[in-house]
Number of protein chains: 2
Amino acid sequence: MGITERKEREKAEMRRRIVDAAIEMFVAEGYEKVSIRNIADKIEYSPATIYLYYKDKDELLYDVQGEAFQKLANYLRARITAEDPLERVRQLILAYLDFAREYEELYDLMFIIKAPMNSVQKDAEWDNGQDAFTLLRENVISCVEKGLIRFDNPMIATLSIWAFAHGFISLNLRCRIKIAELGEEVIPIVMRQAVEHYLATIKV
Amino acid sequence: MGITERKEREKAEMRRRIVDAAIEMFVAEGYEKVSIRNIADKIEYSPATIYLYYKDKDELLYDVQGEAFQKLANYLRARITAEDPLERVRQLILAYLDFAREYEELYDLMFIIKAPMNSVQKDAEWDNGQDAFTLLRENVISCVEKGLIRFDNPMIATLSIWAFAHGFISLNLRCRIKIAELGEEVIPIVMRQAVEHYLATIKV
DNA sequence: AAATATAATGAACAGTGTTTATTATTTCCA
DNA sequence: TGGAAATAATAAACACTGTTCATTATATTT
């Protein structure tokens, strides 16, 4: 009797429908502005039905983050073509900047928004971002091992590079960079310049 | 007739009461978790009364941010004691990290939260953060002018240093640094180390 | 003291995430 | 194959949210 299998498949399909609709709407309008009722409308089900597949909005966001991090990892991988580890890191960071600009709302819900750290991340692992982070870390480790950058501690090197890029992106996404009285249009250029400068600085 | 003056004074006092209650509650529980009704309860007024003094929650947040940025500027100023510009920048950044750790929710509502950029920052100036930013910028400019750091563009230098610190702080505040499998207790140490390393790196 | 302007509020509106009792559908077994 | 049991979907409600508005209370002015 393949009926339980079908049921499971149907359950998975329903979760897919929900998560797909959610992603599409989050990308278009941002996490905060999309309600469970909106998502329910979109997939033509009752709001309560969503709660048969996700215990709350946080759990749904967690799945959406999973998809988003996969998307990011693929995005980054496709842009790492060089052989030289330092050049690979450079490609990765520039790709990271581009991803953030292309999918602002996705970046927001992956790295800036508060939820669902409350419910999920407390005890359970936070493995969603692991792939993309590993991609960065391993290339940075190569750089450290080959003595290409002025770091001895690979973890601090990885975190520093990541924090540098994230700092720019998130200040920009929240318009805090406007404090510096920069014209809207030059910001991406300034960010690129700053990143290039940073990479040149850590180069031995 | 000093009656209109008194009225104005009373109006100002009321706004003070509101903003003070708001800050206290935001610091304790975070912006999102504090409702207008909560604030109204605290100051023993009806929720509707608050709307006689602030047109919406965003406008109130804007005032709270004003206070918070003032607090930050004072905090930073008190910690800048050195003569050497580079050392001054170092003191400033370390103080910035400490401020973020001491007033997490304040830092959140100043630099991470989305609102009130929607309503306020669109056309009006964003002068709340100007003081603290200027503090950093002027010291960084000194560094550049005296050839103490490997930057030629002061704006990029200022933004880079700020973004570096903010990147660490916000990744930590959102628990994203946990991706790096760091123990909770070592994070402040790692952040400090990373900042020190960064400053050592940009030093000529 | 009466009329007017100001301040404060109770009640409501439209929205949110979420739960529950009820209804519809499907699966199972006699 | 028909009726009981299990599953799936929903309508309605709950307790919130930010915000508005008609109404009431309090000052101020005439």
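Chain identifiers are assigned alphabetically (A, B, ...) following the order of the sequence lines, protein sequences preceding nucleic acid strands; residue numbering begins at 1 within each chain.
Residues B:Asp131 and B:Thr134 bring no donor and acceptor atom of their side chains to less than 3.5 Å of each other.
Applying the ring-ring contact (aromatic ring centres under 6.0 Å, His included) criterion to A:Phe168, with sequence neighbours excluded, gives A:Phe164.
Between the CD atom of B:Glu29 and the C1' atom of D:dT17 there is a distance of 15 Å, given to the nearest Å. Atom CD of B:Glu59 and atom P of D:dT20 are 11 Å apart (whole Å). Between the NZ atom of B:Lys57 and the P atom of C:dG15 there is a distance of 19 Å, rounded to whole Å. Between the CG atom of A:Leu61 and the C1' atom of C:dG17 there is a distance of 14 Å, rounded to whole Å. Protein atom CD1 of A:Ile43 is 13 Å distant from nucleotide atom C1' of D:dT10, rounded to whole Å. For the pair A:Asp41 CG and D:dT10 P, the interatomic distance rounds to 11 Å; values are reported in whole Å. Rounded to whole Å, atom C1' of D:dC16 lies 15 Å from atom CD of B:Glu32. Nucleotide D:dC21 holds its P atom 13 Å from the OH atom of B:Tyr51, rounded to whole Å.
Axis orientation changes by 30° from one end of the helix from C:dA1-D:dT30 to C:dA30-D:dT1 to the other, with each end axis drawn from 5 pairs and the value rounded to 10°.
Between B:Glu87 and B:Arg90, at least one side-chain N (NZ, or NE/NH1/NH2) sits under 4.0 Å from a carboxylate O, which counts as a salt bridge.
Mapped onto DNA chain D by nearest heavy atom, B:Glu10 and B:Ile36 fall at different nucleotides, with B:Ile36 at the one closer to the 5' end.
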Begin with the C-alpha distance, continue with both residues' side-chain angles, and end with the deciding distance and a verdict on side-chain hydrogen bond (donor to acceptor under 3.5 Å, both in side chains) for B:Asn38 and B:Ser35. CA-CA 5 Å; B:Asn38 296 153; B:Ser35 71; 3.1 Å; yes

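Taking the centre and axis of the six-membered ring of A:Phe99, the NZ or CZ atom of A:Lys71 falls outside the cone set by 45° and 6.0 Å. Cation-pi geometry between B:Arg15 and B:Tyr54 is met: under 6.0 angstrom from the ring centre, within 45 degrees of the axis.
Ring geometry for A:His166 versus B:His166: interplanar angle under 30°, hence parallel rather than tilted (30 to 60°). Between A:His197 and B:Phe151, the ring-plane angle classifies as parallel under the 30° and 60° cut-offs.
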Every protein N/O lying under 3.5 Å from an N/O of nucleotides 8-11 of chain C:
from	atom 1	to	atom 2	distance (Å)
C:dA8	OP2	B:Tyr53	OH	2.6
C:dT9	OP2	B:Ser46	N	2.9
C:dT9	OP2	B:Thr49	OG1	2.6

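Contact annotation: the side chain of A:Tyr53 approaches that of A:Lys11 to within less than 4.5 Å [non-hydrogen atoms, C-beta and beyond].
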